[in-house]
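Notes follow the structure.
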Amino acid sequence: MKGSIPTVPLKMSFALPDWVAPFLADQPPAATDDDRMRLAVELSRLNVERGTGGPFGAVVFAKGAPYPVSVGLNSVVRLKNSALHAEVTALMLAEKALQTFTLNLPTLPVHEIYTSCEPCAMCLGAILWSGVRKVACGAGRDAAHGIGFDEGPVFPESYKYLESKGIEVQFGVLGAEAAAVFDLYKKLSGLVYNG
């Protein structure tokens, strides 16, 4: 019967919190892996301190570039969307900035993602399909598990698969600094939304 089907949403958009742009404007060039990871970790920390999301941050760089193409924050609770993890938002915004569906076009430089914690199962899939050629991880997944997050089915074979597809994987970049954000999140009674 016509008219009995409920109205469904037909579009969606998202934005990072207002504090992100002024924060990025004050950042020095990122010359090293530690510099790039420090940016991801600082984004995750500020996301927690300002109450705008979970303890996860990610940054996409063109290889060797001093400034990011995009950044991402965990926005799951704030924007009521389970897919808006830091890695996913960073990759979506990078593709938007470059007007492409992949960061692996022959006309583009190599792109890399720096994430404050080892990615969950969903984010590993997004990383694979995004076209980045490197993923650098800060805290180990035990930091997320330690406060109750469930990162899903991620195995050593998952990372071997990424490497077999030409994606370099780097673990433990500023791992202690990144893990400290999870302690802060727990201390501030942050919501664990998928445990």
Side-chain angles (χ1 to χ4, degrees), residues 16 20-21 23-47 53-75 83-141 143-144 151 154-179 181:
L16 298 180
V20 176
F23 166 75
L24 290 174
D26 286 342
Q27 295 308 298
T32 67
D33 284 339
D34 282 0
D35 294 339
R36 293 178 180 102
M37 184 60 72
R38 193 163 284 112
L39 182 57
V41 171
E42 187 65 6
L43 285 163
S44 70
R45 185 184 66 75
L46 289 170
N47 204 32
F56 304 90
V59 187
V60 174
F61 281 88
K63 186 174 184 173
Y67 295 102
V69 173
S70 69
V71 302
L73 300 169
N74 178 279
S75 299
L84 293 180
H85 290 201
E87 297 91 336
V88 171
T89 60
L91 293 167
M92 289 172 72
L93 290 169
E95 290 166 352
K96 180 169 180 61
L98 299 170
Q99 293 295 294
T100 182
F101 61 91
T102 180
L103 301 175
N104 194 26
L105 291 175
T107 56
L108 293 175
V110 168
H111 284 83
E112 306 171 333
I113 188 166
Y114 292 76
T115 177
S116 65
C117 185
E118 290 179 25
C120 72
M122 176 182 70
C123 292
L124 276 180
I127 287 166
L128 171 66
W129 293 317
S130 72
V132 297
R133 307 320 300 157
K134 175 181 174 179
V135 56
C137 310
R141 64 183 288 159
E151 299 300 271
V154 178
F155 309 103
E157 294 79 14
S158 305
Y159 289 104
K160 288 179 184 169
Y161 186 82
L162 290 182
E163 290 172 334
S164 77
K165 297 298 181 182
I167 301 170
E168 178 187 348
V169 179
Q170 190 176 7
F171 295 102
V173 181
L174 301 182
E177 287 180 37
V181 178

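Values below: every heavy atom of this structure, side chains too, minus hydrogens, waters and symmetry copies. If you read the sequence from its start, that first residue is 1, and numbering goes on from there. All figures in this text were calculated on a predicted structure; none of them were measured in a lab.
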Derivation of the side-chain contact (heavy atoms from CB on, under 4.5 Å) call for E177 and R38
CA-CA 8 Å; E177 287 180 37; R38 193 163 284 112; 3.7 Å; yes
Go through the steps for V132 and L91 under the test side-chain contact (heavy atoms from CB on, under 4.5 Å), then give the verdict.
CA-CA 9 Å; V132 297; L91 293 167; 3.8 Å; yes
Derivation and outcome, side-chain contact (heavy atoms from CB on, under 4.5 Å), residues V71 and L16:
CA-CA 9 Å; V71 302; L16 298 180; 3.7 Å; yes
Passes side-chain contact (heavy atoms from CB on, under 4.5 Å), M122 versus V88? Steps please.
CA-CA 9 Å; M122 176 182 70; V88 171; 4.0 Å; yes
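Within the model, atoms OG of S130 and CG of N104 stand 8.5 Å from one another, a figure rounded to the nearest 0.5 Å. Interatomic distance, T100 OG1 to H111 NE2, rounded to the nearest 0.5 Å: 9.5 Å. The OH atom of Y159 lies 10.5 Å from the CD atom of E163; values are rounded to the nearest 0.5 Å.
Remark: side-chain polar atoms of E95 are not paired, donor with acceptor, to backbone N or O of M92 under 3.5 angstrom. In this structure, the side chain of D33 does not engage the main chain of V173 through any donor-acceptor pair within 3.5 Å. Listed for the D35 side chain is a donor-acceptor partner under 3.5 Å among the backbone atoms of T32. Of the possible polar contacts, one joining the T89 side chain to the L73 backbone as a donor-acceptor pair under 3.5 Å is found. Between the side chain of N47 and the main chain of G54, a donor-acceptor pair closer than 3.5 Å is present. Distance alone, capped at 3.5 Å, is enough to place a donor-acceptor pair between the R36 side chain and the A30 backbone.
Contact of the V154 side chain with the E118 side chain is not registered, since no non-hydrogen atoms from C-beta on lie closer than 4.5 Å. Side-chain atoms of Y161 and P156, non-hydrogen and from C-beta on, never get closer than 4.5 Å to each other. Within the 4.5 Å cutoff, the side chain of N74 has no heavy atoms near those of the L84 side chain. Within the 4.5 Å cutoff, no side-chain heavy atoms of R133 are placed close to those of L103. Looking at L39 and L24, their side chains come closer than 4.5 Å, going by heavy atoms from C-beta outward. Side-chain contact between E168 and V135: absent, with no pair of heavy atoms (C-beta onward) separated by less than 4.5 Å. Contact of the K165 side chain with the L128 side chain is registered, since non-hydrogen atoms from C-beta on lie closer than 4.5 Å. Side-chain contact between C120 and H85 is present, with heavy atoms from C-beta onward closer than 4.5 Å.
Shortest non-hydrogen contact noted between A178 and A139 is CB-N, 3.3 Å. Between V181 and P55, the shortest heavy-atom distance links the atoms CG1-CB, 3.8 Å. Here the shortest heavy-atom pairing between A90 and S70 reads O-OG, 2.6 Å. The heavy-atom pair separating L108 from T102 by the smallest distance is CD1-O, 3.8 Å. In this structure, F56 and S116 approach most closely via the heavy-atom pair CA-OG, 3.5 Å. Between G140 and C117 the shortest heavy-atom distance is O-SG, 3.8 Å.
The salt bridge (Lys or Arg N to Asp or Glu O under 4.0 Å) test applied to R45 returns E42, E49, not counting sequence neighbours.
Using cut-offs of 30° and 60° for the angle between ring planes, the Y114 and F61 rings count as perpendicular.
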